[in-house]
Amino acid sequence: MKKRIERILQDTLQLSIREGYLNETPDPNFAIQIPADPRHGNFATNLAMIIAGAQKNSPKKIAEVLIEHLQDRDNLISKTEIGGPGFINFFIEKEKWYEFLGTVIALGDKYGESNLGKNEKIMVEFVSANPTGPIHLGHGRGAALGDSLCRVLNFCGYDARREFYINDGGRQVKILGESVYSRWKQLDDPAYPFPDNGYQGDYVKDLAIEVSNKTNLEDLDYNTATNLLSDICKEQILEGIKEDLINFRINFDFWYKESKLYSSGKIDTTIKVLEQRGLLYEKDGALWLKTSLFGDDKDRVIKKNDGELTYFATDISYHFDKWERGFKRVINIWGADHHGYVDRMKAATKAEGIPENWLDVLLIQLVRLWEGGQEVKMSKRAGRYVTLSELVNDVGVDAVRFIFLSKDNNSPIDFDIDLAKKKDSENPVYYVQYAHARICSVFRKAAEQGLKLPEDPGQYFSLLDTEEELSLIRKIAEFPSLVEEIAVDLAPHRLTYYLAELAGNFHRYYNKHRIVIEDIHLSMARLSLSMAVKIVIKNGLGLLGVNAPEEM
RNA sequence: GCGCCCAUAGCUCAGUUGGAUAGAGUGACGGACUACGAAUCCGUAGGUCGCAGGUUCGAAUCCUGCUGGGCGCGCCA
């Protein structure tokens with residue numbers, strides 16, 4: 001609907017200029033909004049006010065001109081008004097809303113899809129947790145966001161893929177091996193020293209017991225033993241991570257190992273490319289990249305004076321590889337504590353000759369847990385933190401995903417476990433799911449009375465004449481443009497609020513008007529409307545990765 | 001010291017490239033089941049949009065300066 005209004009306005013503006021009713025004006029960036037106050041119409045635009053300056057005329061005069069030459073070929077608009085300082089308000093022909101309702105039902109689970117992305121290849125890289133311990137809440141938040149973004153992007157016609165980058169080559173894996181070794185030694189000798197920067201969690205002790213039972217460590221020297229433990233444990237932890245993610249309904253398309261960058265020679269190639277571009281230099285025995293030429297505060301080391309590559313070097317190479325794999329855009333989801341890294345990473349991609357804006361980095365803020373009115377204090381360094389699987393086992397996938405996705409990524413989340421566990425109205429997840437289950441229940445009831453949706457329900461829609469019914473249809477009509485906006489803004493949290501509103505509208509409607517009644521025709525009409533609501537809730541929850549249950 | 005993010009109802013948060021009278025949930029109080037699921041609905045109360053300037057027809061939104069909080073500033077990963 002919104003798009004049709006936009007089209008009409010574009011045509012009207014062009015025609016007005018072409019025919020000389022208005023002066024030539026640069027392409028205006030006008031908005032179409034749904035007014036908060038229904039008296040201001042179904043849609044409103046600020047177009048007249050936006051171009052008033054360039055037209056050297058009052059917004060109201062311009063609005064009059066535009067209305068007079070309105071290019072409404074389909075007779076979509078029943079009435080226009082000029083309001084406030086120069087808004088043009090549009091009222092849509094009721095019949096057009098009924099037609100729209102018919103298309104929603106016909107489209108079913110395709111309602112809301114679009115071809116916005118034109119099959120463009122996008123990579124979303126997220127979670128990418130080190131294989132040194134189980135994934136925690138922050139990873140879970142990133143996982144929910146990345147996965148939902150991919151769902152939305154694919155729904156909008158992009159070719160979006162999920163990728164997990166495995167840091168299996170760095171020092172942290174070595175430290176994991178040393179930590180496990182130490183815990184194994186401590187089984188006999190509690191005084192055996194533990195590495196200063198070792199991993200503290202209890203899972204390290206569990207690994208020590210488990211692996212030492214299967215592997216003979218006694219005869220190995222320290223280096224051999226710790227290396228062996230590193231290899232075994234990182235694989236085992238990675239399996240656990242994969243399992244946690246699958247339980248969280250996330251299926252990655254690609255698992256990309258850092259070690260592959262070394263073995264495939266990608267890193268050497270990348271360094272050569274940068275060398276050829278004249279962007280490298282040596283100083284203090286180290287190799288530096290001139291990132292400061294591309295917006296970074298200062299240049300960065302990619303090879304240390306001991307000959308080892310930095311983490312940054314592998315990351316540059318990794319991103320060059322993403323580019324070579326043909327992705328037209330890349331979205332990285334990082335914890336906010338990595339924000340200092342964003343500028344240098346973007347600078348590095350530019351240094352590699354990759355276009356500006358190719359890389360988007362979404363930073364996610366902290367998740368704080370609350371239980372029994374108190375914050376659950378966590379400290380990763382001390383190994384005291386709640387894992388994603390613990391939380392999911394406690395409150396369920398649907399609630400965790402919905403709550404994680406209900407906030408903008410830039411806002412910290414206070415996650416109230418008690419509230420998330422509640423299966424009633426206080427919990428927004430259940431509020432939305434209940435609307436869906438309730439509609440399914442109504443259809444079961446209708447079926448008992450021999451009622452079901454006819455092939456062509458459109459003939460009854462004109463019976464939907466109450467304000468509640470018309471506003472429900474309008475709400476349903478917002479869905480496609482909202483989904484597109486979410487794909488552009490990378491902001492799936494808006495969907496949670498929309499779904500709660502839609503569910504609320506339906507619950508109110510349900511309480512006020514009976515759906516299955518003696519009047520068969522009116523029942524058909526109301527069942528159709530209910531079906532459309534059900535479709536949007538199901539499609540919307542699907543984009544969040546949340547189930548739409550038929551019974552609860 | 002420099003940089004990024006945040007500040008909206010008692011609490012948790014929305015607020016769509018600046019739009020018309022700033023919203024929702026929750027908490028508090030009071031109501032609604034002899035009919036489709038009361039896991040719901042209706043009503044009341046609640047605001048100096050952190051503070052001070054600026055930009056304009058119009059600012060919670062943009063700019064500047066403050067205050068308060070989170071995070072980051074390594075030849076660590």
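Here is the naming used below: chain letters follow the sequence lines, and residue numbers restart at 1 for every chain.
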Checklist entry - Is there side-chain contact between Leu499(A) and Leu544(A), with at least one heavy-atom pair below 4.5 Å? => result yes
Annotated structure of RNA chain B as dot-bracket, pair cut-off 3.5 Å, Watson-Crick or G-U only, | for inter-strand, is (((((.(..((((.....[...)))).(((((.......))))).....(((((..]....)))))).)))))....
*asked:* Please classify the nucleic acid contact of Arg514(A) as base, sugar-phosphate, or nothing, using heavy-atom distances under 4.0 Å.
replied: base
Here the distance between atom P of C71(B) and atom CG of Asn410(A), to the nearest Å, is 16 Å
Atom CG of Asp306(A) and atom C1' of G74(B) are separated, to the nearest Å, by 13 Å
Please work out if Asn305(A) contacts a base, only the sugar-phosphate, or nothing of the nucleic acid, heavy-atom cut-off 4.0 Å. base
Exercise. Measure the acute angle between the ring planes of Tyr341(A) and Tyr311(A), then classify it against the limits of 30° and 60° as parallel, tilted or perpendicular.
Key: tilted
Rounding to 0.5 Å, atoms CD1 (Ile316(A)) and CG (Asp321(A)) come to a distance of 13.5 Å
What I'd like to find out is whether the side chain of His493(A) reaches to under 4.5 Å of the side chain of Ser406(A), using heavy atoms alone.
no
Ranking Asp299(A) and Ile515(A) by the position along RNA chain B of their nearest nucleotide, the one closer to 5' is Ile515(A)
Residue pair Tyr341(A)/Lys445(A) against RNA chain B: nearer the 5' end by closest nucleotide is Lys445(A)
Whole-Å distance, Trp288(A) CH2 to C75(B) P, equals 6 Å
>> Measuring only the P atom in each nucleotide, how far is U12(B) from U64(B)? A whole number of Å is fine.
In response: 29 Å
Once base and sugar-phosphate atoms are separated, protein heavy atoms under 4.0 Å mark nucleotides 10-20 of chain B, 5' to 3', with B, S and - as --SSSSBB-BB
Item checked: Residues Asn167(A) and Lys257(A): side-chain donor-acceptor under 3.5 angstrom -> no
### Task
Using a heavy-atom cut-off of under 4.0 Å over every strand shown, decide if Glu551(A) touches base, sugar-phosphate, or nothing.
base
Please state the C1' separation for the pair C62(B) and U56(B) - nearest whole angstrom.
11 Å
- Query: Is Tyr510(A) stacked on the base of C41(B) when the test is centres under 5.5 angstrom and planes under 30 degrees?
  - Reply: no
note: Tyr430(A), atom OH; U26(B), atom P; distance rounded to Å ~ 16 Å
Arg344(A) atom CZ is separated from A77(B) atom P, nearest whole Å, by 11 Å
- Using a 4.0 Å heavy-atom cut-off across all strands, classify Lys304(A) as base, sugar-phosphate, or nothing. base
Of the listed A38(B), C5(B), A77(B), the closest approach to the Gln365(A) side chain comes from C5(B)
message = Check this for me: does the side-chain of His339(A) come within 3.5 Å of the base of G3(B) through a donor and an acceptor?
response = yes
Expressed as a whole number of Å, how far does the C1' atom of C73(B) sit from that of C13(B)? 31 Å
Notebook entry, point to check: With a non-hydrogen cut-off below 4.0 angstrom, is Phe443(A) in contact with a base, only sugar-phosphate, or nothing?
Noted result: nothing
- Task: Determine the interatomic distance between C1' on U55(B) and the same-named atom on U61(B); round to the nearest Å.
- Result: 13 Å
| message | Regarding His513(A), tell me which of base, sugar-phosphate or nothing describes its non-hydrogen contacts under 4.0 Å with the strands shown. | response | base
Nearest-angstrom distance, P atom, C41(B) to A22(B):
25 Å
chi for C71(B) classified (syn = within 90 degrees of 0, anti otherwise) as anti
Measure the acute angle between the ring planes of Phe479(A) and Tyr498(A), then classify it against the limits of 30° and 60° as parallel, tilted or perpendicular. parallel
> NA contact type, Lys174(A), heavy-atom cut-off 4.0 Å: base, sugar-phosphate, or nothing?
Replying inline: nothing
Taking the P atom of each, how far is C63(B) from G23(B), in whole Å? 25 Å
Are side-chain N/O atoms of Ser481(A) and Glu484(A) paired as donor and acceptor at under 3.5 Å?
no
Q) Relative to the ring of Tyr256(A), is the ring of Tyr318(A) parallel (under 30°), tilted (30 to 60°) or perpendicular (over 60°)? A) tilted
_Please determine whether a side-chain nitrogen or oxygen atom of Arg508(A) lies at a distance below 4.0 Å from atom OP1 or OP2 of C42(B)._
yes
Query raised in the report: Does Glu125(A) pair with Lys322(A) as a salt bridge, N-O distance under 4.0 Å?
Result: yes
**Q.** Between Phe91(A) and Phe43(A), ring centroids under 6.0 Å
**A.** no
Whole-Å distance, His338(A) NE2 to C5(B) P, equals 18 Å
Taken to the nearest whole Å, CZ/Phe402(A) to C1'/A24(B) is 12 Å
Side-chain donor or acceptor of His507(A) under 3.5 Å from a matching atom on the base of C41(B)?
no
Side-chain N or O of Tyr431(A) versus OP1/OP2 of C41(B): is the shortest distance under 4.0 Å?
yes
Practice prompt. Could you give the distance separating G25(B) and A14(B) at their C1' atoms, to the nearest angstrom?
Written response: 10 Å
To the nearest angstrom, the CD1-P distance between Ile62(A) and C57(B) comes to 13 Å
Original post:
How far does the P atom of G46(B) sit from the matching atom of A9(B), given to the nearest Å?
Top reply: 15 Å
Do the ring centers of His507(A) and Tyr431(A) come within less than 6.0 Å of each other? yes
When rounded to the nearest 0.5 Å, the distance separating OG1 of Thr291(A) from CZ of Arg344(A) is 7.5 Å
Taking A38(B), C5(B), C75(B) as options, the one with an atom nearest any side-chain atom of Arg438(A) is A38(B)
